[in-house]
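I have placed the structure first, in the form of structure tokens, so that the comments after it can refer back to it.
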Amino acid sequence: QLTFAKTKAPSYTTDVPKPFQSEIRYGKHERNVLDFWKAESKNPTPVAFVIHGGGWKGGSKERLDRFADPNALLKAGISIVAINYRYVTSTEKPPVKAPLHDAARALQFVRSKAKAWNLDKKRIGAAGGSAGACSSLWLAFHDDLADPKSKDPVARESSRLSCAAVIGAQTTLDPKQMKEWTPNSRYGRHAFGLSSFADFLKQREKILPWIAEYSPYALVSKDDPPVYLLYRTPPAIGKDQKDPTHTSNFGVKLQEHCKTKGVTCELVYPGLPKVKHTSPTAFLISQLNK
């Protein structure tokens, strides 16, 4: 069990409206909390499910407006959930299991509140940046974690998404792929509790089952929902990048892979001649309000 120093809780910026409900507990750990914004509607509303970034080692749900525009979503009749989750400093093996399974549990919890919160269970799309983007893609591509026979009503709910729209996503947690796509890659070893990227490469064969379970790229299948990937710089496959952790090389390779599986993957970066959706928020609204 982690302990945290007593510090002042982060607060939302003035651009973010006050949550309808805040610090709602979805699990036992003290970081298993979420905030909820209720869109006004007589009919059940879709949900934007926001997962903050921070390398799975930091960050908080109060960063919501970095990954989606809450005012535009609410105006479009879309309710919002922003979650906190355990960091990779937890005792889970591999460490990345903690933030990813917390995200799945929070999503199942939100579905369990559908009637009370006037939500449409079938229209939930994730948003996030960096590690939160990777978590969103993991949810989008992973098989349903619902356990229909569970005594826990939350565990019986689906963990599937209807879409995901993310910023600066790491699309793979395979160090071999990362090095091939971007030679100066250095991200991901902390997901598996390894000391360095060199050790990550060295241990790759040993941890392949973990990579197969927790790497979004490895999980893509033809029944997966549409995803949207936004990056700040154009790609250069096989070349060192200024910011290898958030390079659009990740997006190019995931889009190629999604095409072979028949999964819609909209990729946006500077210099593209045609852009259908200029932001994750625009994509979420188009998908969730179909």
Side-chain angles (χ1 to χ4, degrees), residues 48-59 63-69 72-73 99 103 125-141 161 163-188 190-191 197 214-220 224-261 263-287:
F49 184 82
V50 184
I51 309 173
H52 70 77
W56 295 309
K57 297 184 290 184
R63 291 180 172 183
L64 160 69
D65 59 342
R66 297 186 183 188
F67 317 117
D69 181 340
L73 289 167
S130 192
C134 188
S135 297
S136 298
L137 294 176
W138 183 80
L139 284 174
F141 300 146
L161 294 167
C163 64
V166 297
I167 301 170
Q170 299 86 34
T171 61
T172 185
L173 292 177
D174 182 341
K176 184 171 180 286
Q177 282 183 320
M178 281 190 247
K179 285 289 282 185
E180 288 171 356
W181 303 350
T182 310
N184 64 330
S185 291
R186 55 178 181 262
Y187 187 83
H190 64 304
F197 198 86
Y214 296 107
S215 177
Y217 185 100
L219 296 168
V220 180
D224 290 334
V227 298
Y228 171 97
L229 312 173
L230 175 65
Y231 293 90
R232 304 301 189 196
T233 56
I237 301 297
K239 295 182 180 179
D240 285 1
Q241 299 283 282
K242 188 176 180 180
D243 180 8
T245 300
H246 305 103
T247 171
S248 52
N249 289 354
F250 278 122
V252 169
K253 287 299 184 179
L254 181 66
Q255 187 183 53
E256 288 176 1
H257 187 49
C258 284
K259 282 180 179 176
T260 68
K261 301 289 186 179
V263 174
T264 298
C265 179
E266 189 174 328
L267 174 62
V268 176
Y269 55 81
L272 282 175
K274 290 183 180 179
V275 173
K276 190 174 181 182
H277 300 100
T278 56
S279 70
T281 300
F283 182 84
L284 286 172
I285 291 171
S286 73
Q287 290 293 320

Option from L254, L161, V220 for which side-chain contact (heavy atoms from CB on, under 4.5 Å) with L137 holds: L254
Answer yes or no: is there a side-chain heavy-atom contact under 4.5 Å between [X] and [Y]?
X	Y	value
C258	F141	yes
T278	V268	no
P216	C134	yes
Y269	L229	no

Please check: side-chain N/O of [X] versus main-chain N/O of [Y], any donor-acceptor pairing under 3.5 Å?
X	Y	result
S279	A282	yes
N249	A236	yes
T247	Q241	no

Can you see which heavy atom on [X] is nearest to which on [Y], and at what distance?
X	Y	value
R186	P244	NH1-CG, 3.3 Å
I167	P280	CG1-CG, 3.6 Å
S136	A164	O-CB, 4.2 Å
G54	R63	CA-NH1, 4.2 Å
P235	S248	N-OG, 2.9 Å
A127	L284	CB-CD1, 3.9 Å

Any chance you could measure [X], atom [atom1], to [Y], atom [atom2], to the nearest 0.5 Å?
X	Y	atom1	atom2	result
S135	H52	OG	NE2	9.0 Å
D69	L64	CG	CG	9.0 Å
Q255	T264	CD	OG1	10.0 Å
L173	M178	CG	CE	5.5 Å
D174	K179	CG	NZ	13.0 Å

SB check K259 E256 (cutoff 4.0 Å): no
Name the orientation class of the two ring planes belonging to W56 and Y187 (parallel below 30°, tilted from 30 to 60°, perpendicular beyond 60°). tilted
Parallel, tilted or perpendicular: which fits the ring planes of Y228 and H277, with parallel below 30° and perpendicular above 60°? perpendicular
Applying side chain to side chain contact (heavy atoms under 4.5 Å, CB included), run through W181 and T171 and close with a yes or a no. CA-CA 11 Å; W181 303 350; T171 61; 3.6 Å; yes
Could you give me the CA-CA distance, side-chain angles and deciding distance for V227 and F283, then say whether side chain to side chain contact (heavy atoms under 4.5 Å, CB included) is met? CA-CA 9 Å; V227 298; F283 182 84; 5.9 Å; no
Begin with the C-alpha distance, continue with both residues' side-chain angles, and end with the deciding distance and a verdict on side chain to side chain contact (heavy atoms under 4.5 Å, CB included) for H246 and Q170. CA-CA 7 Å; H246 305 103; Q170 299 86 34; 3.6 Å; yes
Would you check, one step at a time, whether the test side chain to side chain contact (heavy atoms under 4.5 Å, CB included) holds for D243 with T233? CA-CA 9 Å; D243 180 8; T233 56; over 6 Å; no
Give the intermediate values and the outcome of side chain to side chain donor-acceptor pair (under 3.5 Å) for residues T172 and Q177. CA-CA 7 Å; T172 185; Q177 282 183 320; 2.5 Å; yes
